[in-house]
Trainee: 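Before anything else, here's the structure in question.
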Amino acid sequence: MVFDNKFIQQRIEKANILKEAGFNPYSNNSKRNTTIEKYLNVNSDIEDKEDKRDENRHYIVNGRIKLFRIMGKASFVKIEDESGMLQVYVARDNLAEGFYNDIFKKHIEVGDIIEVAGYPFVTGKGELSLHATELNLLTKAISPLPEKFHGVTDKEIRYRKRYLDLIMNADVRKTFKIRSKVISLTRRFFEDKGFLEVETPMMHPIAGGANAKPFVTHHNALGIDRYLRIAPELYLKRLIIGGFEAVFEINRNFRNEGMDATHNPEFTSIEFYWAYKTYKDLIEITKEYFEYLFDHLDLPALLPYGDMEVNFANFTEIPLIESLTTIGGVPAEVTNDKDKIVEFLNSKNITVKPGMNLGQLQGELFDEFVEEKLIDPTFITEYPVDISPLARRSDENPEITERFELFIAGREIANAFSELNDPVDQLGRFEAQDAAKESGDDEAHEMDVDFVEALSYGMAPTAGQGIGIDRLVMLLTNEHSIRDVLLFPAMKPIHAEQKNQEEE
RNA sequence: GUCUUGUUAGCUCAGCUGGUAGAGCACGUCACUUUUAAUGAUGUGGCCGAUGGUUCGAAUCCAUCACAGGACACCA
């Protein structure tokens, strides 16, 4: 039984009694005429009045009861709506005959959502409150709320029952408001720059645009498997080929991989593509984007993150190979020699998979010795072509690409490059990835002949970038688990759910 | 995937070297018309995550499993 808990039974009984007494425990007859925040603002002048009240003002507020203090013939109730918390003073003699003792005191309790009408006054302790002249139940909560002081702190409950977390923890609501704002500001920033927001498929015949394992689903009508997208990249580029010159998409990607503090199977990114631009332009627009976010979110340039302090006024740029020596402390003669890199990594007790090419090994060095040291925003540029199957080669050195990744607080935030638009080169890169796949790299990029064909019609020189929104929000809200910036993070099913699935 | 720490009342947590299960909040009853986690009195409330084992006896010791947190590995 779902409701076999004795507290729940008790509250169901209270709801029944209320119903019999003519009070609908699930009334939808709200007559609210202000929010709590507005009420508190509009009536802030009350404390200056001589008798600290104004019985000529009349307000109706709604909210959930968070605290309940009965003191005989009068009570204090704190109710909360989305905008804030308000103290309500409820006295027996201000309400209908019998209501206070028989209904209010006995059958209304913490967790219930009520409507209160009354006038503003300031209590002896100086708190602007609402003096109730009428009070009604709107919604009976038959499950009791968690403890009023500690709230709910168990992370498992907080993630599985996010609604409870949101009821109990105002800070959590704040984090998700910031998340919403970041997405809205991002959309506005790119729209203001003339970018067009588009929607591309979530179900792909080939999971392309990144190196990752996809989720598989099945389309019954066509009798074929589809892959939940791991990235929108190849579709957005098709739009550039079609003649849209600046497009962006903010949406979910799905990767069938592990879960931890920075990985959820579905995550949100923005990808944008900009014709007739290069990765150099992307560096500039990225700086401008961060400035825009910080400005509109009212954040300080020196932003604390855990025990770090990130200086957002200090964006720097450094080529990957150079960073290996200057930041990573890897000897210069090691960085361009496969055997020496393997030897060097081994000497640091790091084993690498056999058969890695030079670019992959350089990436390995970077991950091991540089990444975590990049606290202030740093554009790492000139990535090896071996690990950049979709990026344009540098004209000066065909072994490196016109690419950067942006690192902040030791973590990758963005990945960007001048796009590869030479269809023959692209075909070759895909073939190289195919070969890697053959030899066991199950995250190598899939061959996508259809995309190569699209490129063959000519894609204008284009720069494109992806930014991980979840990690960006983590950074801006000083959260250290991706689950704290996702309303409903992925969780393993609990026992009962597994059982049900087996039965079905 | 590996290591590690948890799982006890609706919630937050105690429970020592094994001996019939504890507190606070919440809830019930009583008192209280300006409280601030209101207060005082009193009472109800447990498959001690699951399954096995050791033992006269297990919340406690052991094993396996489930879920969660943290760290590491891989990835965004």
Side-chain angles (χ1 to χ4, degrees), chain A residues 3-11 13-14 52-53 66-78 85 87-94 100 105-107 109-111 121-127 129 131 141-161 164 167-168 209-213 230-231 253-269 271 350-351 353 363-364 367-368 371 405-407 411-415 442-443 466-472 474 480-483 489 491-499:
Chain A
F3 296 136
D4 57 0
N5 176 282
K6 59 190 171 300
F7 296 109
I8 295 179
Q9 281 302 319
Q10 206 170 62
R11 295 175 78 122
E13 185 52 30
K14 287 183 186 178
K52 307 252 183 212
R53 62 183 58 218
K66 298 298 287 288
L67 290 170
F68 205 119
R69 294 188 281 271
I70 297 178
M71 307 171 53
K73 297 178 190 65
S75 301
F76 287 94
V77 178
K78 290 236 170 165
M85 184 99 82
Q87 175 167 269
V88 175
Y89 179 69
V90 186
R92 187 191 64 183
D93 300 340
N94 294 96
Y100 182 81
K105 262 169 70 175
K106 282 198 187 317
H107 305 302
E109 58 205 314
V110 171
F121 81 115
V122 173
T123 64
K125 296 280 159 78
E127 180 167 347
S129 306
H131 198 121
I142 61 167
S143 281
L145 287 187
E147 203 247 0
K148 64 186 172 189
F149 188 57
H150 299 93
V152 54
T153 58
D154 184 297
K155 291 209 168 185
E156 183 168 359
I157 299 176
R158 291 186 43 215
Y159 297 147
R160 287 192 196 277
K161 303 186 177 181
L164 259 191
I167 289 172
M168 298 307 295
N211 300 344
K213 280 175 233 152
I230 56 174
N253 297 315
F254 306 87
R255 299 195 183 171
N256 206 341
E257 292 165 352
M259 294 153 57
D260 62 24
T262 54
H263 296 84
N264 194 69
E266 48 181 306
F267 64 100
T268 301
S269 70
E271 287 204 11
I350 299 157
T351 49
K353 278 182 271 180
E364 201 70 22
D367 293 345
E368 287 295 335
E371 183 169 1
E405 289 197 358
L406 172 63
F407 292 85
R411 207 175 271 157
E412 184 193 334
I413 293 291
N415 180 18
D442 55 0
E443 286 186 356
I467 301 173
I469 296 290
D470 310 288
R471 291 183 179 181
L472 177 62
M474 284 169 70
H480 295 259
S481 169
I482 195 167
R483 295 179 164 202
M491 298 292 278
K492 277 198 199 178
I494 52 173
H495 231 38
E497 283 179 48
Q498 281 175 331
K499 230 178 181 176

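Please read these numbers as outputs of a predicted model, since none were measured by experiment. Quick note: numbers below take in every heavy atom, side chains included, and nothing from hydrogens, waters or symmetry partners. Chain letters run A, B, ... following the sequence lines, proteins first and then strands; every chain starts at 1.
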Trainee: Produce the list of close N/O pairs, under 3.5 Å, pairing protein atoms with atoms of nucleotides 69-71 of chain B; give distances to one decimal.
Mentor:
residue	atom	partner	partner atom	Å
B:rG69	OP1	A:R483	NH1	2.4
B:rG69	OP2	A:R483	NH1	3.2

Trainee: Looking at residues at least two apart in the chain, or sitting in another chain, which of them share a side chain to side chain contact (heavy atoms under 4.5 Å, CB included) with A:D367?
Mentor: A:E371
Trainee: Under 4.0 angstrom, heavy atoms only, what part of the nucleic acid is A:R255 near: base, sugar-phosphate, or nothing?
Mentor: base
Trainee: According to side chain to side chain donor-acceptor pair (under 3.5 Å), who are the partners of A:T268, at least two apart in sequence or on a separate chain?
Mentor: A:R179
Trainee: List for me each residue that meets side chain to side chain donor-acceptor pair (under 3.5 Å) alongside A:Y100, sequence neighbours excluded, and say none if there are none.
Mentor: A:S75
Trainee: Counting just side-chain N and O atoms, does A:T153 come under 4.0 Å of either OP1 or OP2 of B:rU12?
Mentor: yes
Trainee: Could you tell me how far apart A:F7 (CZ) and B:rG10 (P) are, to the nearest whole angstrom?
Mentor: 7 Å
Trainee: Classify A:K52 by what it touches in the nucleic acid, base, sugar-phosphate, or nothing, heavy-atom distance under 4.0 Å.
Mentor: nothing
Trainee: What residues, two or more places apart in sequence or in another chain, satisfy salt bridge (Lys or Arg N to Asp or Glu O under 4.0 Å) together with A:R11?
Mentor: A:E109, A:D112
Trainee: In whole angstrom, what separates A:I70's CD1 from B:rU29's P?
Mentor: 10 Å
Trainee: Please tabulate, one pair per line, each protein N/O and nucleotide N/O from nucleotides 33-35 of chain B that are separated by under 3.5 Å, including the distance.
Mentor:
residue	atom	partner	partner atom	Å
B:rU33	OP2	A:K73	N	3.0
B:rU33	O2	A:Y89	OH	2.8
B:rU33	O4	A:D93	OD2	2.0
B:rU34	O2	A:G124	N	3.0
B:rU35	OP2	A:K125	NZ	2.7
B:rU35	O2'	A:R69	NE	3.4
B:rU35	O2	A:R69	NE	2.9
B:rU35	O2	A:R69	NH2	2.9
B:rU35	O2	A:Q87	OE1	3.3
B:rU35	N3	A:Q87	OE1	2.9
B:rU35	N3	A:Q87	NE2	3.0
B:rU35	O4	A:Q87	NE2	2.6
B:rU35	O4	A:T123	OG1	2.8

Trainee: Once you apply a heavy-atom cut-off of 4.0 Å, does A:K106 come out as touching a base, just sugar-phosphate, or nothing?
Mentor: sugar-phosphate
Trainee: For A:R92, check salt bridge (Lys or Arg N to Asp or Glu O under 4.0 Å) against everything at least two apart and list the hits.
Mentor: none
Trainee: So what stems show up for RNA chain B if we need 3 or more Watson-Crick or G-U pairs in a row, all under 3.5 Å?
Mentor: B:1-7 with B:66-72, B:10-13 with B:22-25, B:27-31 with B:39-43, B:49-53 with B:61-65
Trainee: Side chain of A:L67: nearest nucleotide among B:rA37, B:rG10, B:rA68?
Mentor: B:rA37
Trainee: Which residue pairs pass the salt bridge (charged side-chain N to carboxylate O under 4.0 Å, His left out) test with at least one member in residues 143-157 of chain A, sequence neighbours excluded?
Mentor: A:E156-A:R160
Trainee: Have a look at A:K213 and say if it touches a base, only the backbone sugar-phosphate, or nothing, with a 4.0 Å heavy-atom cut-off.
Mentor: nothing
Trainee: Base, sugar-phosphate alone, or nothing: which one does A:G151 contact when heavy atoms must sit under 4.0 Å apart?
Mentor: sugar-phosphate
Trainee: With sequence neighbours left out, what residues match A:R53 under side chain to side chain contact (heavy atoms under 4.5 Å, CB included)?
Mentor: A:D51, A:E55, A:Y119, A:F121, A:H131
Trainee: Do the side chain of A:D260 and the base of B:rA73 come within less than 3.5 angstrom through a donor-acceptor pair of N or O atoms?
Mentor: yes
Trainee: Can you tell me how far C1' of B:rA73 sits from CG of A:D367, to the nearest Å?
Mentor: 12 Å
Trainee: With sequence neighbours left out, what residues match A:E127 under side chain to side chain contact (heavy atoms under 4.5 Å, CB included)?
Mentor: A:K78, A:Q87, A:T123, A:S129
Trainee: Less than 4.0 angstrom between a side-chain N/O of A:K148 and OP1 or OP2 of B:rA38, yes or no?
Mentor: yes
Trainee: If the condition is salt bridge (Lys or Arg N to Asp or Glu O under 4.0 Å), which residues does A:K66 pass it with, not counting sequence neighbours?
Mentor: A:E80
